[in-house]
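These notes are about the structure you will find just below.
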Amino acid sequence: MNLSLLLLNPVTPPGCRRIYTCKSADYTGTLTTWMVVLILLVSLTGCPSPATTPSPTPTPTPTPTLAQRIGKSWSANIVKEGTVAVYTKGGAANIKPGYLGFKLNLNSQTGVSLTEFDGNTFTGQWALSTDGKMLTLNNLNPQPTDTGGTISYTINEATDASLKLTRTTVSAKSGGTINDYQLTNP
């Protein structure tokens, strides 16, 4: 009997009880061989794995430049005039509580607005030195006392939330002291 006929015609051949329990060696050997081949074929090929798409490589976030990092509005957190801490944000016994209103607004790409502890506001331009260690406010209007319209600061630290500056020249308003400003981004 032809194997293709056996696979297509489920009729039990003469001399067999069922296709699996044939007494004839011809049918049993052929059937066993085909079952082994089928089992090996299925086990070797297995199930197809699901299609996977490679995860995209994340685009690294560019590190902001110093100008981008400090280009925002800052308020006083701690201010020292000379060696004396005259203001601490939230402090109850501040020597100069007016620093609560101190603002250094560098939001504009080059424009600046500086509001001092006495409430006076000055506008002008700001620039960074090429090495990024100095912040200069120039063309301030009205001109702060004894500045010629320019105030420069050494940048001690600049993070996204904190800016630490030291004024490079004395401040007439604070009695001729070099002032340290620890600013925060509100």
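Along the sequence shown, residues carry numbers from 1.
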Closest heavy-atom pair and its distance - S174, N179: OG-ND2, 3.2 Å

What is the minimum heavy-atom distance between A158 and L163, and which atoms define it? CB-CD1, 3.9 Å

To the nearest 0.5 Å, what is the distance between OG1 (T184) and NZ (K72)? 9.5 Å

Shortest non-hydrogen contact from K96 to E81? NZ-OE1, 2.9 Å

Which atoms form the tightest heavy-atom contact between P144 and G149, and what is the distance? CD-CA, 4.4 Å

Any donor-acceptor N/O pair, T159 side chain to S162 backbone, under 3.5 Å: yes

Let me confirm one number: the OG-CD distance from S108 to Q125, rounded to the nearest 0.5 Å. 8.5 Å

Considering only Ile, Leu, Val, Met, Phe, Trp and Tyr, and joining two whenever side-chain heavy atoms are under 4.5 Å apart, list the other residues clustered with I178. V170

Do Y87 and F117 have their ring centres less than 6.0 Å from each other? no

Within one Ile-Leu-Val-Met-Phe-Trp-Tyr cluster: I78 and I70, side-chain cutoff 4.5 Å: no

Quick check for you: to the nearest 0.5 Å, what is the distance between L104 atom CG and S113 atom OG? 8.5 Å

Closest non-hydrogen atom pair, L165 against L135: CD1-CD2, 4.2 Å

Examine the side chains of D180 and T166 and answer whether a donor and an acceptor come within less than 3.5 Å of each other. yes

What residue among N138, L114, T136 forms side-chain contact (heavy atoms from CB on, under 4.5 Å) with I151? L114

Check whether any side-chain N or O of D118 sits under 3.5 Å from a backbone N or O of G98 as a donor-acceptor pair, and report yes or no. no

Report yes if the side chains of N120 and F122 come closer than 4.5 Å at any heavy-atom pair, otherwise no. yes

Decide yes or no for T168 and M134: does some side-chain heavy atom of the first lie under 4.5 Å from some side-chain heavy atom of the second? yes

Gap separating the CZ atom of F102 from the CH2 atom of W74, nearest 0.5 angstrom: 12.0 Å

OG1 of T154 to CZ of R167: how many Å apart, nearest 0.5 Å? 12.0 Å

Kindly state each residue pair satisfying salt bridge (charged side-chain N to carboxylate O under 4.0 Å, His left out) with at least one member in residues 140-158, sequence neighbours excluded. E157-K164

Would a distance-only check, ignoring hydrogens and angles, find a side-chain to backbone donor-acceptor pair under 3.5 Å from N105 to N107? yes

Looking at CG of N77 and OG1 of T88, how far apart are the two atoms once the value is rounded to the nearest 0.5 Å? 7.5 Å

What heavy-atom pair brings V112 and L140 nearest, and what distance separates the two atoms? CG1-CD2, 4.1 Å

Checking the side chain of T115 only, and the main-chain atoms of T121 only, is there a donor and an acceptor separated by less than 3.5 Å? no

Exam field: side chain K103 to backbone E116, donor-acceptor pair closer than 3.5 Å: no

Side chain to side chain contact (heavy atoms under 4.5 Å, CB included) between V86 and K80, intermediate numbers included: CA-CA 6 Å; V86 295; K80 286 183 181 178; over 6 Å; no

